[in-house]
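Letters A, B, ... are given to chains in the order of the sequence lines, protein chains preceding strands, and every chain is numbered from 1. Side-chain atoms are counted along with the backbone in the values below, which use heavy atoms only and exclude waters and symmetry mates.
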2 protein chains.
Amino acid sequence: MAAWRAFVSTSHLLERRIEEQLKASAGLTHPQYEILVRLSDAPGRQMRMTELARGVVVSKSALTYQITQLEKAGLVKRANCPSDDRGVLAVLTEAGLSCLERVAPGHLEVVRAYLIDRLSREELHTMTSAMLKTEEALRSSV
Amino acid sequence: MAAWRAFVSTSHLLERRIEEQLKASAGLTHPQYEILVRLSDAPGRQMRMTELARGVVVSKSALTYQITQLEKAGLVKRANCPSDDRGVLAVLTEAGLSCLERVAPGHLEVVRAYLIDRLSREELHTMTSAMLKTEEALRSSV
DNA sequence: GTACTGTCGTTCGAATTTGAACCGACACTG
DNA sequence: CAGTGTCGGTTCAAATTCGAACGACAGTAC
């Protein structure tokens with residue numbers, strides 16, 4: 001449980017640091033940033049709401065709220081889903097993409113400074129595979 | 001950044017799972033549980049507010065709120081700090097201790113099932129040392 | 001076609017978190 | 001001992017989260 005303690009504390013501390021950096025540099029929250037990243041990676045720079053919520057790991061209602069915020073900021077827009085009339089597509093706008101490109105370097109710098117650069121390649125590799133294993137386990141057991 | 005992605009997703013998923021388990025088994029939130037754990041480990045089962053907030057990694061105001069909640073539930077009580085009239089001590093009550101002892105096994109079971117048991121000794125060791133390194137870095141750079 | 005069951009996204013209310021503002025008490029200097 | 005700056009904890013408003021409830025559509029069975 002030493003491992004667990006360290007994991008929890010560190011993830012909370014990192015979360016705080018990330019949040020602080022994003023807020024200062026672009027007025028974004030971490031979930032909002034994550035949304036932009038996921039959308040920018042998706043084909044057509046768009047995703048269904050539910051799928052996006054799963055990816056970012058927030059509730060559907062939280063995603064609805066954040067997409068509305070991002071829409072007000074002009075970084076994302078909603079579109080109808082052609083294949084399913086219930087569905088909604090979140091689409092990354094040009095402004096959203098350029099915002100992401102502007103913000104990403106500073107964000108990654110923090111991540112590197114506090115996590116990546118402190119570990120050896122081997123440590124990093126081991127940790128990544130460990131995280132992926134437990135992510136897999138958590139996602140599949142819903 | 002694959003490492004980073006995996007880390008963020010996994011920590012959020014774990015957080016959700018933990019929260020769900022604690023809520024169901026004892027009506028506690030994760031921060032509340034963390035508070036009880038820290039207090040039970042402290043000498044005299046008591047801690048100063050600020051120190052506790054640092055340990056649990058929440059803001060001072062969030063701690064004030066949660067201690068009030070736990071006080072209502074009878075798990076914690078406040079006491080004056082003899083050495084500093086400004087200070088407040090959060091003290092774990094008997095009820096708080098027995099609540100913790102009742103809840104801890106189920107909590108640890110989840111942690112083990114999704115994190116600890118899925119990793120080899122080596123992975124676990126690497127991850128722990130990595131977490132401790134970055135925790136140290138984050139805490140000292142405030 | 002009709003009925004059933006499940007999925008999608010939103011809305012709602014309640015709970016929680018944060019940072020800023022604040023007050024009282026400490027510590028230190030002159 | 002007054003003056004100044006800092007620290008500890010609370011209060012406040014604003015933002016965000018979640019789960020439950022809801023209405024609309026999809027998919028299937030009959």
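For the segment residues 21-28 of chain A, the set of residues with a heavy atom within less than 4.0 Å of an atom of DNA chain D is empty. Of the residues in residues 64-81 of chain A, those with a non-hydrogen atom less than 4.0 angstrom from any atom of DNA chain D are Tyr65(A), Gln66(A), Gln69(A).
Arg102(A) is linked by a side-chain hydrogen bond (donor to acceptor under 3.5 Å, both in side chains) to nothing, counting only residues two or more places apart in sequence or in another chain. Residues passing the side-chain hydrogen bond (donor to acceptor under 3.5 Å, both in side chains) test with Asp85(A), sequence neighbours excluded: none. In this view, Tyr114(B) satisfies the ring pair (Phe, Tyr, Trp, His ring centres under 6.0 Å) rule with no residue, not counting sequence neighbours. By the salt bridge (charged side-chain N to carboxylate O under 4.0 Å, His left out) test, Arg112(B) pairs with no residue at all, sequence neighbours left out. Shown here are the side-chain hydrogen bond (donor to acceptor under 3.5 Å, both in side chains) partners of Glu19(A), two or more places apart in sequence or in another chain: there are none. Residues satisfying the side-chain hydrogen bond (donor to acceptor under 3.5 Å, both in side chains) criterion with Ser9(A), sequence neighbours excluded, are Arg38(B).
Proximity of a side-chain donor or acceptor of Gln32(A) to a complementary backbone N or O of Leu70(A) within less than 3.5 Å is not detected.
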Reading nucleotides 3-8 of chain D from the 5' end, what letters show protein touch, with B for base, S for backbone sugar-phosphate only, - for no heavy atom under 4.0 Å? ----BS
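Mapping Leu63(A) and Ser83(A) onto DNA chain D via the closest heavy atom, the residue that lands nearer the 5' end is Leu63(A).
Thr126(A) and Glu122(B) are not linked by any side-chain donor-acceptor pair at a separation below 3.5 angstrom, with hydrogens and angles left out of the test.
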List the atom pairs, donor and acceptor, that lie under 3.5 Å between side-chain atoms in residues 39-48 of chain B and the rest of the protein, sequence neighbours left out.
from	atom 1	to	atom 2	distance (Å)
Ser40(B)	OG	Val37(B)	O	2.8
Asp41(B)	OD2	Arg5(A)	NH2	2.9
Arg45(B)	NH2	Glu94(B)	OE2	3.0

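Taking atom CD of Glu19(B) as the reference point, atom C1' of dG19(D) lies 12 Å away to the nearest angstrom. Remark: C1' of dG27(D) and CG of Asp85(A) are 14 Å apart, rounded to the nearest angstrom.
Scanning all heavy atoms of the two residues, the minimum distance from Ala3(B) to Thr128(A) falls at CB-OG1, 3.1 Å.
Salt-bridge check for Lys23(B) with Glu20(B): failed, with every basic side-chain N at 4.0 Å or more from each acidic carboxylate O.
If you chain together ILVMFWY residues whose side-chain heavy atoms come under 4.5 Å of each other, Leu89(B) ends up grouped with Val91(B).
The aromatic rings of His107(B) and Tyr33(B) lie tilted to each other, with the angle between the two planes from 30° to 60°.
With a cutoff of under 4.0 Å to any heavy atom of chain B, the contacted region of DNA chain C is bounded 5' to 3' by dA15(C) to dC26(C).
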